[in-house]
J.: 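Starting off with a structure, shown below.
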Protein chains: 2
Amino acid sequence: MKKENHNINLKNSNLKVTPQRMAVLEALNNLKNHPTTENIKEYVVKNHPNIAVGTIYKTLETFVEKGLVKKVKTEKDVMRYDAIIENHHHLYCEDSERIEDFFDDELNNMLEIYFKKKKIPNFKVKDIKLQIIGTFKGNKS
Amino acid sequence: MKKENHNINLKNSNLKVTPQRMAVLEALNNLKNHPTTENIKEYVVKNHPNIAVGTIYKTLETFVEKGLVKKVKTEKDVMRYDAIIENHHHLYCEDSERIEDFFDDELNNMLEIYFKKKKIPNFKVKDIKLQIIGTFKGNKS
DNA sequence: TCCTAATTAAGAATTATTCCTATTTAGTAA
DNA sequence: TTACTAAATAGGAATAATTCTTAATTAGGA
Ligand SMILES: [Mn+2]
Ligand SMILES: [Mn+2]
Ligand SMILES: [Zn+2]
Ligand SMILES: [Zn+2]
């Protein structure tokens with residue numbers, strides 16, 4: 001994703017375009033595996049050695065509020081972020097911190113149809129995400 | 001769930017039966033909404049005013065290790081625990097901290113069949129959990 | 001170019017959780 | 001029963017992630 005797009009995304013959200021925000025957006029788009037704030041800091045610091053860590057926290061919070069990024073649910077004490085906004089699911093590795101994206105339109109359709117037919121009493125479904133837990137075969141975990 | 005069962009669960013896990021562990025188990029079984037450590041502490045303290053908060057953390061960690069309870073994935077900074085071990089899904093309220101259990105064998109079967117047929121490359125599925133996000137209608141949120 | 005509300009840097013403060021260690025205790029075996 | 005000992009707990013210090021505070025800086029508009 002190019003700088004132009006970041007620029008546009010920020011403006012669309014009524015956010016001032018600052019070097020710090022551009023840097024965090026770039027980190028989010030380049031880092032895989034649903035980065036922690038720490039991961040993002042490490043990436044950003046390369047080009048912006050003077051950025052304050054509080055700014056990164058604040059920036060991420062702002063981005064979540066504006067819907068530019070999403071938080072990823074985990075059972076750990078560190079927050080992780082997802083630069084991909086479109087609906088998708090996650091593969092959680094049982095023995096490492098690896099979390100991969102999983103896209104599957106067929107699955108989404110199946111679930112949509114299922115829950116359209118079978119209502120949940122007293123609950124209005126807005127979104128469904130799968131946590132697919134298991135292990136990655138082969139390559140680096 | 002009666003005290004007898006707690007007793008048995010602990011012994012089966014090779015854990016000494018202590019008043020503290022009994023109390024935490026009882027709290028877990030009585031508190032709904034996937035309690036935090038704080039919730040559990042508040043409950044336990046009623047009958048065990050002298051329990052140390054560190055003991056509750058340690059006890060919960062031990063229970064998770066032994067598979068007596070599970071952690072619940074959230075995007076918050078407080079851990080939440082689930083006394084229900086059998087496979088089930090969760091309804092997450094968008095506007096509150098409410099998380100309810102959702103059991104659905106038909107859904108589980110559908111998913112099992114789906115993923116049996118459609119393999120995920122390089123990933124061995126062990127477990128699938130749905131996060132069903134939305135809002136509760138009516139009653140107290 | 002100037003103005004000002006928004007943003008940032010820096011570091012203190014907070015919160016949840018973990019760690020440490022002296023003391024206590026559950027379970028076991030004499 | 002009693003004594004023993006590994007395991008568990010209490011109490012409090014330490015840590016780690018995150019949030020808060022405030023003075024200085026800056027982006028974007030007039
Ligand atoms: Mn979490
Ligand atoms: Mn924390
Ligand atoms: Zn993702
Ligand atoms: Zn549950």
Side-chain angles (χ1 to χ4, degrees), chain A residues 3-4 6-27 34-45 47-66 68-69 71-81 97, chain B residues 3-4 6-27 34-45 47-66 68-69 71-81 97:
Chain A
K3 277 191 183 169
E4 288 308 309
H6 294 167
N7 220 296
I8 291 167
N9 285 338
L10 290 175
K11 284 186 177 160
N12 286 346
S13 301
N14 281 330
L15 295 175
K16 289 188 178 178
V17 178
T18 67
Q20 291 87 344
R21 284 175 175 160
M22 299 287 276
V24 171
L25 274 183
E26 191 177 320
H34 305 84
T36 63
T37 308
E38 177 65 17
N39 296 149
I40 292 166
K41 194 196 84 187
E42 285 167 7
Y43 187 101
V44 166
V45 155
N47 295 310
H48 295 75
N50 293 332
I51 196 168
V53 64
T55 300
I56 297 181
Y57 278 100
K58 188 68 171 351
T59 300
L60 288 167
E61 185 191 308
T62 304
F63 288 173
V64 169
E65 274 169 14
K66 298 291 185 176
L68 299 178
V69 307
K71 291 181 175 180
V72 179
K73 288 185 172 61
T74 74
E75 48 192 52
K76 292 293 172 56
D77 195 34
V78 275
M79 193 53 59
R80 294 176 67 168
Y81 295 89
E97 301 306 302
Chain B
K3 276 190 182 169
E4 288 307 309
H6 293 167
N7 221 296
I8 291 166
N9 285 339
L10 290 175
K11 285 186 177 161
N12 286 346
S13 302
N14 281 329
L15 295 175
K16 288 188 177 175
V17 178
T18 68
Q20 292 86 346
R21 283 175 175 160
M22 299 288 275
V24 172
L25 274 183
E26 192 177 319
H34 304 85
T36 62
T37 309
E38 177 64 18
N39 297 149
I40 291 166
K41 194 195 84 187
E42 285 167 8
Y43 186 101
V44 166
V45 155
N47 294 310
H48 294 74
N50 294 332
I51 196 169
V53 64
T55 300
I56 297 181
Y57 278 99
K58 187 65 169 350
T59 300
L60 288 167
E61 183 191 310
T62 304
F63 288 173
V64 169
E65 273 169 14
K66 298 292 185 176
L68 298 177
V69 306
K71 291 182 175 180
V72 179
K73 288 184 173 61
T74 74
E75 49 192 49
K76 291 295 170 56
D77 195 33
V78 275
M79 194 51 59
R80 295 176 67 166
Y81 295 89
E97 302 306 302

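Treat the numbers as computed from the prediction; the structure is a model and nothing was measured. Residue numbering restarts at 1 for every chain, and letters A, B, ... go by the order of the sequence lines.
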J.: Check the distance between C:dT7's C1' and A:M22's CE and give it to me in whole angstrom.
T.: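 About 16 Å, once rounded to whole Å.
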J.: How long is the span from the OH atom in A:Y81 to the CG atom in A:L68, to the nearest 0.5 Å?
T.: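 The OH atom of A:Y81 sits 13.0 Å away from the CG atom of A:L68.
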J.: Does the side chain of A:Q20 get closer than 4.0 angstrom to OP1 or OP2 of D:dT26 through an N or O atom?
T.: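 So the side chain of A:Q20 is outside the cut-off, no N or O lying under 4.0 Å from OP1 or OP2 of D:dT26.
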J.: Could you tell me whether the phosphate oxygens of D:dA8, OP1 or OP2, come under 4.0 Å of any side-chain nitrogen or oxygen in B:T55?
T.: no
J.: Would you classify B:T36 as touching base, sugar-phosphate or nothing, given that sugar-phosphate means primed atoms plus P, OP1 and OP2, and contacts are heavy atoms under 4.0 Å?
T.: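 Nothing: the residue B:T36, judged by heavy atoms under 4.0 Å, touches no strand.
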J.: What is the minimum heavy-atom distance between B:L10 and B:K16, and which atoms define it?
T.: CD1-O, 4.4 Å
J.: For the pair made of CZ in A:F63 and P in C:dA6, what is the distance, rounded to whole Å?
T.: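 Interatomic distance, CZ of A:F63 to P of C:dA6: 17 Å.
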J.: Nearest-nucleotide wise, let me know which of B:V17 and B:K71 is further upstream toward the 5' end of DNA chain C.
T.: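 So the residue in question is B:K71.
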J.: Specify the separation, in whole Å, of atom CE of A:M79 and atom P of C:dT17.
T.: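 Whole-Å distance recorded here is 12 Å.
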J.: Base, sugar-phosphate, or nothing: which does B:V53 touch, judged by heavy atoms less than 4.0 Å apart?
T.: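 Nothing, no nucleic acid heavy atom in range.
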J.: Rounded to whole Å, how long is the line connecting atom CG of B:L60 with atom P of C:dT17?
T.: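 Spelled out: CG on B:L60 to P on C:dT17 is 10 Å.
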J.: Side-chain N or O of B:T37 less than 4.0 angstrom from OP1 or OP2 on C:dA16?
T.: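 For C:dA16, OP1/OP2 do not have a side-chain N/O of B:T37 under 4.0 Å.
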J.: If each of A:K11 and B:N50 is mapped to the nucleotide of DNA chain D with the nearest heavy atom, which maps nearer the 5' terminus, i.e. the 5' end?
T.: B:N50
J.: Going through the checks in order, is the side-chain contact (heavy atoms from CB on, under 4.5 Å) test met by B:E38 and B:V53?
T.: CA-CA 9 Å; B:E38 177 64 18; B:V53 64; 5.9 Å; no
J.: Of the listed nucleotides (D:dG11, D:dA27, D:dA8), which one gets closest to any side-chain atom of B:R21?
T.: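 Per side-chain heavy atoms of B:R21, the pick is D:dA8.
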J.: Which nucleotide, C:dA26, C:dA6, D:dA17, lies nearest any side-chain atom of A:K16?
T.: C:dA6
J.: If you round to the nearest 0.5 Å, how far is CG of A:N9 from NZ of A:K66?
T.: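 CG of A:N9 is found 13.0 Å from NZ of A:K66.
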J.: D:dA14 P sits how many Å from A:D77 CG, rounded?
T.: 20 Å
J.: Counting side-chain heavy atoms from CB outward, which of D:dT18, C:dA26, C:dT8 is closest to A:T18?
T.: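 It is C:dT8.
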J.: Does D:dT19 have OP1 or OP2 under 4.0 Å away from a side-chain N or O of A:Y57?
T.: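 Answer no for this pair, as no side-chain N or O of A:Y57 is under 4.0 Å from OP1 or OP2.
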J.: Rounded to whole angstroms, how far apart are CD1 on A:I40 and P on D:dA17?
T.: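 After rounding, the gap between these two atoms is 14 Å.
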J.: Can you name the nearest heavy-atom pair linking A:A27 to A:V44, along with the distance?
T.: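 Here A:A27 and A:V44 meet closest at CB-CG2, 3.8 Å.
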J.: A:I51 has an atom CD1; how far is it from atom C1' of D:dT25, in whole Å?
T.: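 Nearest whole value for this atom pair: 14 Å.
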J.: To the nearest Å, how far apart are A:N39 CG and D:dT18 P?
T.: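 Taking atom P of D:dT18 as the reference, CG of A:N39 is at 11 Å.
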